[in-house]
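See below for the structure under consideration.
Both backbone and side-chain heavy atoms feed into the values below; hydrogens, waters and symmetry mates do not.
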Amino acid sequence: MTLNKLFIFFTGALITTHALNSLMIGTPLIGIIIWSLPLAIFFFQAWLMPTARVYQIFSFIILIYFMTTCLDVFGLPNARLLSWLELVEIVVVFFVAVYAAREQLRNVK
């Protein structure tokens with residue numbers, strides 16, 4: 001499986017996991033949409049025309065999601081299993097995006 005397909009798979013899984021977790025705790029739909037919008041934009045950009053810049057920008061943006069998820073997982077006394085899964089998916093997506101950007105830059109030369 002190529003890094004681009006892994007990126008698309010894990011980003012889609014991340015959006016789904018967060019949406020399910022948010023619905024379980026009662027987050028309004030607008031909150032879920034606002035949270036998922038940046039991820040969805042990069043998801044479609046990586047699907048339609050993957051470039052190193054897309055992966056690099058996404059790598060920085062996913063760090064914000066990592067921070068908020070770490071607050072949920074390590075800041076709450078009883079973190080949900082979906083929160084832990086979300087944290088793992090964020091870490092995997094970050095590493096895949098970094099290596100996908102590196103692969104894209106190697107193919108340019």
Side-chain angles (χ1 to χ4, degrees):
M1 198 177 237
T2 65
L3 288 174
N4 185 31
K5 289 180 183 176
L6 282 173
F7 178 81
I8 291 170
F9 174 77
F10 280 109
T11 304
L14 175 62
I15 292 170
T16 305
T17 303
H18 183 75
L20 288 174
N21 195 16
S22 297
L23 288 172
M24 287 176 65
I25 62 174
T27 304
L29 187 60
I30 188 70
I32 297 171
I33 292 171
I34 290 171
W35 187 93
S36 301
L37 190 62
L39 294 178
I41 289 170
F42 285 102
F43 174 84
F44 287 118
Q45 283 184 346
W47 190 7
L48 297 176
M49 51 180 187
T51 62
R53 182 174 293 251
V54 168
Y55 296 122
Q56 289 169 340
I57 293 170
F58 182 83
S59 296
F60 285 108
I61 289 175
I62 199 71
L63 292 176
I64 297 169
Y65 291 94
F66 177 76
M67 178 189 63
T68 59
T69 304
C70 280
L71 289 173
D72 287 343
V73 169
F74 300 114
L76 297 177
N78 297 322
R80 294 176 178 263
L81 182 62
L82 283 177
S83 296
W84 281 97
L85 179 62
E86 189 177 339
L87 180 65
V88 170
E89 288 172 345
I90 286 172
V91 170
V92 169
V93 167
F94 174 77
F95 282 115
V96 168
V98 168
Y99 284 112
R102 183 177 177 197
E103 182 182 278
Q104 289 282 332
L105 290 174
R106 279 190 182 169
N107 291 338
V108 170
K109 293 180 182 180

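Residues L85 and L87 are members of separate hydrophobic clusters, defined by side-chain heavy-atom contacts under 4.5 angstrom among Ile, Leu, Val, Met, Phe, Trp and Tyr. Hydrophobic clustering of Ile, Leu, Val, Met, Phe, Trp and Tyr side chains at less than 4.5 Å, counting indirect connections, keeps I33 apart from F42. In terms of hydrophobic clustering, with Ile, Leu, Val, Met, Phe, Trp and Tyr side chains grouped at heavy-atom distances under 4.5 Å, I41 and I57 are assigned to different clusters.
The two residues A13 and E89 have their closest heavy-atom pair at O-OE1, 3.4 Å. Of all non-hydrogen atoms in V54 and A46, the two that sit nearest each other are CG1-N, 4.2 Å.
Rounded to the nearest 0.5 angstrom, D72 CG and H18 NE2 are separated by 8.5 Å. Atom OG1 in T51 sits 9.5 Å away from atom CG in L105 (nearest 0.5 Å). Within the model, atoms CG of L71 and OG of S83 stand 11.5 Å from one another, a figure rounded to the nearest 0.5 Å. Within the model, atoms CZ of F10 and CD1 of I15 stand 14.0 Å from one another, a figure rounded to the nearest 0.5 Å. The distance from atom OG1 of T68 to atom CD1 of I64, rounded to the nearest 0.5 Å, is 8.5 Å. With values rounded to the nearest 0.5 angstrom, F7 atom CZ is found 14.5 Å from F95 atom CZ.
In this structure, the side chains of E86 and L82 stay at 4.5 Å or more apart for every pair of heavy atoms. N4 has its side chain within reach of Y55: a pair of non-hydrogen atoms, C-beta onward, lies under 4.5 Å apart.
With sequence neighbours left out, Q56 forms a side chain to side chain donor-acceptor pair (under 3.5 Å) with no residue at all. Shown here are the side chain to side chain contact (heavy atoms under 4.5 Å, CB included) partners of Y65, two or more places apart in sequence or in another chain: W35, P38, L39, I61, I62, I90. With sequence neighbours excluded, the residues forming a side chain to side chain contact (heavy atoms under 4.5 Å, CB included) with T16 are L20, listed by chain and number.
Within 6.0 Å of atom CZ in F66, 12 or fewer heavy atoms from other residues, nucleotides or ligands are found, so the atom counts as exposed in its surroundings. Other residues, nucleotides and ligands contribute more than 12 heavy atoms inside 6.0 Å of the CZ atom of F74.
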